[in-house]
Asker: 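This is the structure I want to talk about, given as structure tokens.
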Amino acid sequence: MKSVMLITVKNWKGIRLKNVVLRLRSAQVLLLLVLKMCFVFGQNEGSKKVIVIDPGHGGNDSGAIGINSILEKDVVLNIAKEIIRLNETLFESEFDIYLTRYKDTLISLGDRTRLARTLKADVFLSLHCNASMVMSKGMEVYVHHSDKPLTKSSIGLGLSVLNESTEKLGFKKRGVKFANFQVLRETVAFCPSILIETGFLTNNDEADYFQETKNIRAMALSILIGMYNYLNI
């Protein structure tokens with residue numbers, strides 16, 4: 001990972017975007033407030049793209065445990081929060097971005113996809129980190145293996161995010177793959193949906209990479225730019 005190239009702010013100073021951040025104390029409060037807010041947003045903010053980002057795992061489900069003891073649940077939540085911050089500060093808040101969790105809590109897979117449906121998301125993106133018994137490395141993106149009309153759009157979104165991230169950050173490109181993950185299966189019918197494996201926590205270089213705040217920011221920015229490119233083509 002010595003060759004990692006960070007994306008700089010000066011490349012994006014002309015972009016204008018928008019974000020709404022919900023700060024909630026529990027999943028139940030999240031769902032209740034979202035239902036109330038949908039009516040307002042439907043009236044006033046209908047032209048904005050709604051993005052639901054799903055930081056995987058949480059609570060007593062740590063996800064993958066890195067070779068350096070870093071936890072998948074923490075890495076993906078940090079990336080998701082940084083996407084929100086960058087959307088607000090760098091992209092001038094054009095997207096409405098919501099997270100399925102804002103802290104270290106475990107949300108059911110069904111609640112994660114129900115939130116996306118309730119918000120009528122334009123994009124659903126689930127964030128994860130990978131693990132392997134062998135010394136694997138790189139990023140990969142999953143889409144649902146179905147013949148739904150939005151499967152092709154999901155592939156396009158996945159390629160946009162994957163290309164932006166691997167080309168700018170120096171990660172090995174492992175491709176767009178197909179899987180029957182529940183969060184993809186239950187969202188692909190109404191919006192492009194992808195699951196990103198951002199890197200292998202069982203790989204020394206990639207596990208160390210995610211311990212640096214600047215690298216979390218770089219990953220978040222590359223994902224955000226990938227989504228921006230897809231939504232504006």
Asker: Side chains of N203 and I67: does their closest heavy-atom pair fall under 4.5 Å?
Answerer: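 No, too far: nothing below the 4.5 Å cut-off.
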Asker: Give a yes-or-no answer on whether the side chains of S193 and S154 include a donor-acceptor pair shorter than 3.5 Å.
Answerer: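 Absent: no donor and acceptor within the cut-off.
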Asker: Does any pair with a residue in residues 55-67 pass salt bridge (Lys or Arg N to Asp or Glu O under 4.0 Å), and if so which ones, sequence neighbours excluded?
Answerer: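 Passing the test, one end in residues 55-67: no pairs.
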Asker: Is any side-chain heavy atom of K49 closer than 4.5 Å to a side-chain heavy atom of M227?
Answerer: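 Side chain of K49 against side chain of M227, heavy atoms only: no contact under 4.5 Å found.
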Asker: Only counting residues at least two apart or in another chain, list the ones meeting salt bridge (charged side-chain N to carboxylate O under 4.0 Å, His left out) with R185.
Answerer: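 If we apply the salt bridge (charged side-chain N to carboxylate O under 4.0 Å, His left out) test to R185, skipping adjacent residues, there are no hits.
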Asker: Test your reading of the model: is there a side-chain donor-acceptor pair from S160 to the backbone of G156, 3.5 Å cut-off?
Answerer: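 Judged by distance alone, no pair lies under 3.5 Å.
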Asker: Check each of N87, D96, L231 against I51 using the side chain to side chain contact (heavy atoms under 4.5 Å, CB included) test, and report the only one that passes.
Answerer: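 Checked N87, D96, L231 against I51; only one passes side chain to side chain contact (heavy atoms under 4.5 Å, CB included): L231.
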Asker: Roughly how far, to the nearest 0.5 Å, is the CG atom of N78 from the CG atom of L127?
Answerer: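 Rounded to the nearest 0.5 Å, the CG-CG separation comes to 11.0 Å.
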Asker: Quick one: does any side-chain atom of E72 pair with a main-chain N or O of G63 as donor and acceptor, under 3.5 Å?
Answerer: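 Side chain of E72 to backbone of G63, a donor-acceptor pair under 3.5 Å: no, none is there.
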Asker: For D74, which residues count as a side chain to side chain contact (heavy atoms under 4.5 Å, CB included) partner, sequence neighbours excluded?
Answerer: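 Partners of D74 by the side chain to side chain contact (heavy atoms under 4.5 Å, CB included) criterion, ordered by chain and then number, come out as L71.
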Asker: Under the 3.5 angstrom rule, does the side chain of E206 hit a backbone N or O of G138 as a donor-acceptor pair?
Answerer: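 Side chain of E206 to backbone of G138: a pair is present.
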Asker: With the side chain counted from C-beta on, respond yes when L115 and D54 share a heavy-atom pair under 4.5 Å apart, and no when they do not.
Answerer: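 No. Closest side-chain heavy atoms not under 4.5 Å.
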Asker: Looking at side-chain heavy atoms only, is the closest gap between L162 and E167 below 4.5 Å?
Answerer: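 Side-chain contact under 4.5 Å: no.
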Asker: Are V161 and V188 connected in a single hydrophobic cluster, I mean Ile/Leu/Val/Met/Phe/Trp/Tyr linked by side-chain heavy atoms less than 4.5 Å apart?
Answerer: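 Different clusters: V188 never reaches V161 through Ile, Leu, Val, Met, Phe, Trp or Tyr contacts under 4.5 Å.
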Asker: With S153, which residues qualify under side chain to side chain contact (heavy atoms under 4.5 Å, CB included), at least two apart?
Answerer: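 For S153 the side chain to side chain contact (heavy atoms under 4.5 Å, CB included) partners, ignoring immediate neighbours, are L150, P192, Y230.
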Asker: Could you work out, with side chain to side chain contact (heavy atoms under 4.5 Å, CB included) as the rule, every residue matching S132, not counting sequence neighbours?
Answerer: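 Listed in chain order: V134, S136, F200, T202.
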Asker: Is a donor on one side and an acceptor on the other found under 3.5 Å between the side chain of D104 and the backbone of G59?
Answerer: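 Yes; judged by distance alone, with no hydrogens or angles, the pair exists.
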Asker: Side-chain contact test, heavy atoms from C-beta onward, threshold under 4.5 Å: evaluate it for K172 versus T166 and give yes or no.
Answerer: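 Of all side-chain heavy-atom pairs linking T166 with K172, none is under 4.5 Å.
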Asker: List the residues meeting side chain to side chain contact (heavy atoms under 4.5 Å, CB included) with L159, not counting sequence neighbours, and say none if there are none.
Answerer: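 Only I155, N163, V176 meet the side chain to side chain contact (heavy atoms under 4.5 Å, CB included) criterion with L159.
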Asker: How does the hydrophobic cluster around F190 look, that is, which other residues are in it when side-chain heavy atoms under 4.5 Å mark a link?
Answerer: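 So far as hydrophobic clustering goes, F190 is joined with none.
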Asker: Using side-chain heavy atoms (C-beta onward) and a distance below 4.5 Å, is R112 in contact with L109?
Answerer: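 Result yes, sub-4.5 Å side-chain heavy-atom pair found.
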Asker: First locate atom CG of L125, then atom OG1 of T100, and finally report the distance between them rounded to the nearest 0.5 Å.
Answerer: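 Those atoms lie 10.5 Å apart.
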Asker: Mind checking what makes salt bridge (charged side-chain N to carboxylate O under 4.0 Å, His left out) contact with E82, not counting sequence neighbours?
Answerer: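 With neighbours one apart ignored, the set is R85, R217.
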Asker: Can a donor-acceptor pair be found, under 3.5 Å and without considering hydrogens, that links the side chain of N232 to the backbone of Y228?
Answerer: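 At least one qualifying donor-acceptor pair exists.
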Asker: Restricting to pairs with a member in residues 103-149, which pass ring pair (Phe, Tyr, Trp, His ring centres under 6.0 Å), not counting sequence neighbours?
Answerer: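 Non-adjacent pairs meeting ring pair (Phe, Tyr, Trp, His ring centres under 6.0 Å): H57-H128, Y142-F181.
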Asker: Show every salt bridge (Lys or Arg N to Asp or Glu O under 4.0 Å) that has at least one partner inside residues 124-144, sequence neighbours left out.
Answerer: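 Counting only pairs at least two positions apart or across chains, the salt bridge (Lys or Arg N to Asp or Glu O under 4.0 Å) contacts touching residues 124-144 are E140-R174, E140-K177.
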Asker: Restricting to side-chain hydrogen bond (donor to acceptor under 3.5 Å, both in side chains), what partner residues turn up for E212, sequence neighbours left out?
Answerer: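 Listed in chain order: nothing, the list is empty.
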Asker: With a 4.5 Å cut-off on side-chain heavy atoms, are D122 and C191 touching?
Answerer: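 C191 does not reach D122 side chain to side chain.
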Asker: Kindly compute the distance separating CD1 (I53) from CD1 (I196), expressed to the nearest 0.5 Å.
Answerer: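 Rounded to the nearest 0.5 Å, the CD1-CD1 separation comes to 8.5 Å.
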Asker: Within the distance-only criterion (no hydrogens, no angle test), does the side chain of N215 pair as donor or acceptor with the backbone N or O of Y209 below 3.5 angstrom?
Answerer: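 Between the backbone of Y209 and the side chain of N215 there is a qualifying donor-acceptor contact (under 3.5 Å).
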Asker: Sort and list the pairs that fulfil ring pair (Phe, Tyr, Trp, His ring centres under 6.0 Å) and have at least one residue in residues 61-87, not counting sequence neighbours.
Answerer: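 For residues 61-87, and leaving out neighbouring residues, there are no ring pair (Phe, Tyr, Trp, His ring centres under 6.0 Å) pairs at all.
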